[in-house]
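Notes for the one structure printed next.
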Amino acid sequence: MYCLETSGLSHQFPGMGYALQDINLRVPQGAIYGFLGPNGAGKTTTLRLVLGLLRKQQGSIRFFGQSFQQQRSAILQKTGSLIESPSIYTHLTATENLEVWRKIYQSPKSRIDEVLRLTGLAHTGTRKAGRFSLGMKQRLGIAIAMLHAPSLLILDEPTNGLDPNGIIEIRELLKKLNKEQGLTILISSHLLPEIEKLATHVGIINNGRMLFQGRLQELNSYQQRSAMTKFDTGDAQQAAALLAAYHPVIESGQLLLPAGSAKHTAQINRELVQHGMDVYGIHTVQNDLESIFMQLINP
Ligand SMILES: Nc1ncnc2c1ncn2[C@@H]1O[C@H](COP(=O)(O)OP(=O)(O)OP(=O)(O)O)[C@@H](O)[C@H]1O
């Protein structure tokens, strides 16, 4: 079962084209789902729609197998979210902030210490939230989102503006919540390296359309499939003509062929040498995930 599933979700803001078109989000239970896309791709709009913060126009939204439209309040009781900046009272401590929200959520008092511990804020004592670092404020936002013990957490770019240390802290926190608390996490980001280090599943969105969705390994195997072998020869044009059957490409004067087995590479090398060509080097050029991401969003 999917924790969150949308079908044909589309959205249009007044006076502009579709901000989202046919988004079929599938967030499996227990996953850390990285929702990845450049600025303006439609991540926040999608997350606001699924949480009912924007009025849905087209498509359907289901959480835990239930229709959001019909079971909204039961679903929101099981879902925590942090969209854009956390709502924090800067003149209150972490505990006092949590107390405000605890009353709204009607969570047990003991939950405050639990979420403070989980988010690494137990030591903040009488310090006012206004004096917290940005990373601590984000963690307090996550603590608030966790107060009612949700089973799904939806976070919109929680590491935006954080320094590398703050990014690592949030990443480690989310991994811990996923592993130890069994929390399913949907996190949006425009930074692939961040998602790569954290997510089990990835959805890539650009210009309001989903370009890829699947396990992180599938994206990795896509990466392996697109690997090339580069042959350094004296004459790339001549080598390309000779190896036409292998679908060569010439890039910046270099001969590239789709990567194959070691035997396959040896065979190509032999053919070049047998035809009197000098081979100075053979290298595998693996597209990193960054370039795959760029290829997907700029085909
Ligand atoms: N309230 C609004 N009114 C009109 N257009 C909007 C509104 N909110 C978002 N948009 C437009 O919808 C598109 C998607 O924006 P959205 O904020 O969802 O993208 P995003 O992927 O979250 O990007 P970012 O990381 O910059 O927030 C953009 O073209 C944006 O300008």
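Residue numbers start at 1 and run along the sequence shown. Being a predicted model, the structure only gives us computed values, none of them experimental. Start at 1 and go down the list; that is how both ligands and their atoms are numbered. Every heavy atom of this structure was used, including side-chain atoms; hydrogens, water molecules and symmetry mates were not.
No hydrogens or angles considered: nothing links the side chains of Asn24 and Ser7 as a donor-acceptor pair under 3.5 Å.
Proximity annotation for atom 25 (O) of ligand 1: of His190, Gln12, Glu157, Glu157 comes nearest, heavy atoms only.
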Which atom pairs, donor and acceptor, lie under 3.5 Å between side-chain atoms of residues 25-39 and protein residues at least two apart or in another chain?
| from | atom 1 | to | atom 2 | distance (Å) |
| --- | --- | --- | --- | --- |
| Arg26 | NH1 | Thr6 | O | 2.9 |
| Tyr33 | OH | Gln213 | OE1 | 2.5 |

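When hydrogens are left out, the protein atom nearest atom 18 (O) of ligand 1 is Thr45 OG1, 2.5 Å; that is the closest non-hydrogen contact.
For Ala19, no nitrogen or oxygen atom sits less than 3.5 Å from a nitrogen or oxygen atom of ligand 1, counting backbone and side chain alike. Geometrically, ligand 1 and Gly42 share a nitrogen or oxygen pair separated by less than 3.5 Å. Of the polar atoms of Thr46, none of the N or O atoms is found under 3.5 Å from an N or O of ligand 1, judged by distance alone. The shortest N or O to N or O distance between Phe13 and ligand 1 is not under 3.5 Å.
Under a 4.0 Å N-O distance rule, the pair Glu251/Lys230 does not qualify as a salt bridge. Ion pairing between a basic and an acidic side chain is recognised when a charged N comes within 4.0 Å of a carboxylate O; Glu157 and Lys43 show such pairing.
A ring-centre distance under 6.0 Å is not found for Phe231 and His283.
For atom 7 (C) of ligand 1, a protein heavy-atom neighbour is present inside the 4.0 Å cut-off.
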